[in-house]
J.: 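Sharing a structure with you now.
Residue numbers start from 1 in every chain, and the chains themselves are labelled A, B, ... in the order their sequence lines are given, proteins ahead of strands.
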There are 2 protein chains.
Amino acid sequence: MSLPHALLTSLLEKPCTGAELARRFDKSIGHFWHATHQQIYRELGKLEERGLIAARGLATARGSQRHFDVLEQGRTELERWSSLEADPQPMRAALMVRLRAAAVLGTVDMTHEIARHQVLHHTVLEQYRDIEASDFPPGIAASTADELRLAVLRAGIVLEEAWLAWCQETLAGHKDSKV
Amino acid sequence: MSLPHALLTSLLEKPCTGAELARRFDKSIGHFWHATHQQIYRELGKLEERGLIAARGLATARGSQRHFDVLEQGRTELERWSSLEADPQPMRAALMVRLRAAAVLGTVDMTHEIARHQVLHHTVLEQYRDIEASDFPPGIAASTADELRLAVLRAGIVLEEAWLAWCQETLAGHKDSKV
DNA sequence: ATATCCATGTAACGTGTTACATGATTGT
DNA sequence: ACAATCATGTAACACGTTACATGGATAT
C-alpha cells in the first residue's frame with residue numbers, strides 16, 4: 001500500500017500534473033516502487049476524493065491538465081504512514097524461479113540468461129553511480145534531507161552491486177564445473 | 001506470471017497436496033516468490049483446468065486431500081517458460097519510499113526503523129548461511145541441479161548481505177553527521 | 001481545418017490479500 | 001459423540017496491467 005504515499009511524497013517535492021508525475025516517477029521513486037500512468041491517475045483520483053490532495057483551478061474537461069497540490073491532511077497522512085513499523089517484504093525474482101525450474105528439469109541452460117542479466121545490472125549500476133557522482137559530490141556537507149536521498153540511491157547501488165557479484169560468481173562456478 | 005510455474009517446479013520436485021505445497025513454498029521458492037494458500041489453491045485449479053497437472057484419485061469432496069502430479073504438458077510448459085528471456089523487474093521496497101517521504105517531510109526520524117531492519121536482515125542471513133553450511137558442504141562435487149539450487153540460495157545470501165551493509169553504512173553516516 | 005500528438009480517463013481482466021465457511025480428520 | 005484442528009474452498013475487495021477511447025493542444 002505504498003503507492004499513494006509515494007505519490008504524496010513526489011507531489012510534496014514538487015506539485016505537478018499526473019503525466020509529469022508518471023515521468024518523474026520513472027526516474028526516482030519508481031526505481032523502488034514502479035507504477036504505470038493508469039495506476040497513478042487512479043490513485044490521484046482516490047487521494048483527491050479523500051481530501052489529501054487538490055487540483056489547482058476548476059477546469060475538469062477531459063483532456064485538460066490537472067495540477068495537483070498536497071493538502072495539510074495529505075502531509076499529516078504521509079507523516080503518520082512513514083512513522084509506522086513495516087517489515088521488509090520478500091522480493092520477487094522470476095529468475096530464481098526459473099533457476100529452480102532449470103534444476104528440476106535438467107534440460108535448460110541458464111548461463112546465457114544470467115550473462116544477459118549481468119549486462120543489464122551493470123548498465124543500471126553505472127547509471128546510479130553517475131547520479132551519485134553528479135548529485136552527491138564527496139566532501140560536501142549535505143543536509144539531512146540530502147543524506148536520506150543519498151541513502152536511497154546507495155540502496156540501489158548496493159543491491160545492483162550484489163546482483164552483479166552474484167551473476168559473476170554464478171557464471172564462474174558453472175565454468176569451473178565444466179573444466 | 002511466475003506463480004503457476006513456481007508451483008509446477010515445486011510439484012515436479014515432489015508431488016503433493018495444496019496445503020503441503022503452501023508449507024514447502026514458505027521454505028524454498030517462497031523466499032523469491034511468495035504466495036498465500038488461497039493463491040495456491042486458485043492457481044492449482046487453473047493448472048488443472050489447463051491440463052498441466054492432475055489430481056490423483058477421484059474423490060472431490062470438499063475437505064479431502066487432493067494430491068497433484070505434473071503432467072507431460074505441464075513439464076513442457078515449464079520448459080518453454082523457463083527458456084524465455086525475462087528482464088529483472090524493479091524491486092519494491094517500501095522502506096525507500098518512506099526514506100524519501102522522511103526527506104521531504106523533515107520531521108520523521110528513520111534511524112530506529114533502519115536499525116530494526118538491520119536486525120531482521122541479519123536474522124534471515126544467518127538462516128540462509130545455516131542452510132548453505134548444512135545442505136552444500138564445501139569440497140563436495142555437486143550435480144548441476146545442486147549447483148543451480150545453491151545459486152538460488154547464494155542470491156538470497158548476497159542480497160541480504162547487501163541490505164545489511166546498507167543498513168550499517170546508512171546508520172554510520174547518520175552518526176557521523178551528528179558528531 | 002485537419003492531422004497529429006499528448007494528457008486524461010474508461011474498461012476489462014489478472015493477480016494478491018483478507019476474512020470466513022465447509023467438509024474431513026484426529027484426539028478424547 | 002464431541003471438540004479441536006486441518007485441508008480445501010468461496011467471496012469480496014485492493015492492487016496491477018493492458019488495451020483503448022476521448023478531449024485539448026500544436027503544427028502545418
J.: Nearest 0.5 Å, please: how far is NE2 in B:His122 from CD in B:Gln127?
T.: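 Going from CD on B:Gln127 over to NE2 on B:His122, the span is 10.5 Å.
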J.: Relative to the 5' end of DNA chain D, which residue comes earlier, A:Ala35 or B:Glu20, by the nucleotide with the nearest heavy atom?
T.: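 Comparing both residues, the 5'-ward one is B:Glu20.
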J.: Using a cut-off of strictly less than 4.0 Å, decide whether A:Gln38 has a side-chain nitrogen or oxygen near OP1 or OP2 of D:dT17.
T.: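 Checking A:Gln38 against D:dT17: no side-chain N or O falls below 4.0 Å of OP1 or OP2.
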J.: Could you please spell out the steps behind the ring-ring contact (aromatic ring centres under 6.0 Å, His included) verdict for B:His34 and B:Phe25?
T.: CA-CA 7 Å; B:His34 174 75; B:Phe25 227 66; 8.1 Å; no
J.: Tell me the interatomic distance from A:Glu43, atom CD, to D:dC15, atom P, rounded to whole angstroms.
T.: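 To the nearest whole Å, that distance equals 6 Å.
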J.: Please verify the inter-ring angle class for A:His5 with A:Trp81; under 30° counts as parallel, over 60° as perpendicular, anything in between as tilted.
T.: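 Ring orientation, 0 to 90° scale: parallel.
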J.: Can you give me the closest heavy-atom contact between B:Val70 and B:Ile53, atom names plus distance?
T.: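 Heavy atoms of B:Val70 and B:Ile53 come nearest at CA-CG2, 4.2 Å.
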J.: Think B:Arg23 has a side-chain N or O under 4.0 angstrom from the OP1 or OP2 of D:dC6?
T.: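 For B:Arg23, the contact criterion (side-chain N or O under 4.0 Å from OP1 or OP2 of D:dC6) is not met.
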J.: Is a donor-acceptor contact shorter than 3.5 angstrom present between the side chain of B:Arg42 and the base of C:dG16?
T.: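 Looking at the base of C:dG16, it does pair with a donor or acceptor on the side chain of B:Arg42 (distance under 3.5 Å).
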J.: From NE2 of A:His67 over to P of C:dT8, roughly how many Å is that when rounded to an integer?
T.: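 These atoms are roughly 10 Å apart.
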J.: Output the rounded distance in Å from CD (B:Glu49) to C1' (C:dG14).
T.: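 After rounding, the reported distance stands at 14 Å.
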J.: I want to check one thing: is the phosphate of C:dA24, taken as OP1 and OP2, less than 4.0 Å away from some side-chain N or O of B:Gln65?
T.: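 So the side-chain polar atoms of B:Gln65 never come under 4.0 Å of the phosphate oxygens OP1 or OP2 of C:dA24.
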J.: When the distance from CZ of A:Arg92 to C1' of C:dG14 is rounded to whole Å, what number comes out?
T.: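 The distance from CZ of A:Arg92 to C1' of C:dG14 comes to 13 Å, rounded to the nearest Å.
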J.: Both A:Trp33 and B:Phe68 contact DNA chain D. Which one's nearest nucleotide lies toward the 5' end?
T.: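 Of the two residues, B:Phe68 wins.
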J.: Does OP1 or OP2 of D:dT8 have a side-chain N or O of B:Tyr41 closer than 4.0 Å?
T.: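 Yes, B:Tyr41 has a side-chain N/O under 4.0 Å of OP1/OP2 on D:dT8.
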J.: With under 30° as parallel and over 60° as perpendicular, where do the rings of A:Trp166 and A:Trp163 fit, or are they tilted in between?
T.: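 Rings of A:Trp166 and A:Trp163: perpendicular, as their planes differ by over 60°.
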J.: What integer distance in Å separates B:His34:NE2 from C:dT15:C1'?
T.: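 Whole-Å distance recorded here is 13 Å.
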J.: Below 4.0 angstrom from OP1 or OP2 of D:dA14, is there any side-chain N or O of A:Lys46?
T.: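 Looking at the OP1 and OP2 atoms of D:dA14, neither is under 4.0 Å from any side-chain N or O of A:Lys46.
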J.: Just how far, in rounded Å, is C1' of D:dG16 from CZ of A:Phe25?
T.: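 So the CZ-C1' distance, A:Phe25 to D:dG16, works out to 13 Å.
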J.: Expressed in angstrom and rounded to an integer, what is the separation of A:Leu21 atom CG from C:dT8 atom C1'?
T.: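 About 13 Å, once rounded to whole Å.
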J.: To the nearest angstrom, how far is B:Arg66 atom CZ from C:dA24 atom P?
T.: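 B:Arg66 atom CZ is separated from C:dA24 atom P by 14 Å.
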